[in-house]
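Chain A is the first sequence line, chain B the second, and so forth, proteins listed ahead of strands; every chain is numbered from 1. Predicted model only: the values in this text are computed from it and were never measured.
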Amino acid sequence: MENFFVFAGVAILALMIPIIYRILVGPTAIDRIVAVNVIGTKTTVLLIVIGMLYERVGMFVDFALTYALLNFVGSLAAAKFFDRVNPAKSFSTMKAEEPQE
Amino acid sequence: MYRIVIFSLLFGIWVVFSGLIDIFHLTLGFIACLFITLISSDFYFTNRSKGLGNRLTEIAKIPGYLLWLLWEIILSNIHILKLALTPGDIKGLDPSLIRVKTDLKTDYGKYILANSITLTPGTITIDIDGDELLIHSISRHTKMGVEEEIMEQKVSNVFEIEDS
Amino acid sequence: MIINTICIFLVSCGLIFFIGGAVGIIRFPDFYTRMHAAGKGDTCSMILILTGLSLYILHEPTTANFLVVGKILFIALFIMSTSPTSTHALIKAGFEEGIKMWKREDEKEGQE
């Protein structure tokens, strides 16, 4: 069973590499923020798997919880920041400009 | 009445998270929960006109709703997996914007509806304006699903029980 | 033994869905479709993997293990409700910045 947990951890870690590609290349800044958010969710899972490996899940679960909270607050703050940087358009003004289907 | 419910919820969460059941930590938690209940009990359960019976039926219906949502999440993931693993030109992709009107009245109901729409196959809520939802859908096939309004009925069935 | 099999099955399903999300994030053509892959692929696979792990922990039912499983389920519920919220926030920020949508008709007209 331990071998399987090692495999799962390595697989999650390997799946982070393509997303790092999106962080490096991503055409817009928001693409990069989304990629960081996805990596954060993966890290939450990875922390619990590491806890299973070292047989100290009780400790690592707290880390995972904190990481999930920080990830959520971080992405909300980034989204809010982009709203402030570019406040030109809002939903109600967009509605007037777009052609109705 | 509501203060007691909030206090017991907070205290339960404290006991689960601290995991230490001795007198010192329980007292600490008791004081902290009491303080939080005193200063911020107005924030939770803003709609207090509902009766106790309605609350209980609402709580009893939530697990069924969650199970249905889980099934939908699994379906949506299979959909994404199929799209992502299509070789060559991805033919399933045909993105478009839709507007949908809802009949839900409370903010909480709208929040649950928007989250559920995001988690079900092929659609993401971009914005809510009054009672209009702006939705981005990934293909024609999934667009039909939103307009049938099955989900809205489910949400209003669970979270907006009328007094009768 | 049965519990081990169920755990392995759930974690493997989660890993497969993670692969779907990662490939989607790389291959999809524009920002909005990438958000689809990012917002959904993660939630489901996270729930599956955490359920599998908590089943494995419940192998030895002690009080401490029950507390740990409670915390893990709380994490799952928390991510399940916050992941769509951050998806809305980010996609709304992108929408208001005016990122263009990729459309199939446009591409066909461009080719002809």
Between C/Leu90 and chain A, with a heavy-atom cut-off of 4.5 Å, which part of the residue counts as in contact: side chain, backbone, both or neither?
both
Any side-chain heavy-atom pair of A/Phe7 and C/Ser12 under 4.5 Å
no
Write down the atom of A/Pro18, the atom of C/Ile26, and the distance for their closest heavy-atom approach.
CB-CD1, 3.2 Å
Give a yes or no answer on whether the side chain of C/Arg34 reaches the backbone of A/Asp31 with a donor-acceptor pair at less than 3.5 Å.
no
Check whether A/Asp62 gets within reach of chain C through its side chain, its backbone, both or neither, counting any heavy atom under 4.5 Å.
side chain
If I measure from the heavy atoms of chain C, does A/Leu69 come under 4.5 Å with its side chain, its backbone, both, or neither?
both
Identify the two heavy atoms, one from A/Val34 and one from C/Met35, that lie closest to each other, and give their separation to 0.1 Å.
CG2-SD, 3.2 Å
Strictly less than 4.5 Å between heavy atoms, which residues of residues 1-10 of chain C line up against chain A? Please order them by number.
C/Asn4, C/Cys7, C/Ile8
Closest approach of A/Ala79 to C/Ala93 (non-hydrogen atoms, all atoms of both residues)
O-CB, 3.8 Å
Minimum side-chain heavy-atom gap A/Thr44-C/Met46 below 4.5 Å:
no
Using only non-hydrogen atoms and a strict under-4.5 angstrom cutoff, which residues of residues 75-87 of chain C touch chain A?
C/Ile75, C/Phe78, C/Ile79, C/Thr82, C/Thr85, C/Ser86
Mind listing the closest non-hydrogen atom pair of A/Val38 and C/Ala38 along with its distance?
CG2-CB, 3.5 Å
Could you look at A/Ser75 and say if it's the side chain, the backbone, both or neither that has a heavy atom under 4.5 Å from chain C?
both
Distance (rounded to the nearest 0.5 Å) between A/Thr28 OG1 and C/Phe31 CZ
6.0 Å
I'd like to know which of C/Ile57, C/Leu53, C/Ile72 tops the heavy-atom pair count under 4.5 Å against chain A.
C/Leu53
In terms of heavy-atom proximity below 4.5 Å to chain A, should C/Ile49 be classed as side chain, backbone, both, or neither?
side chain
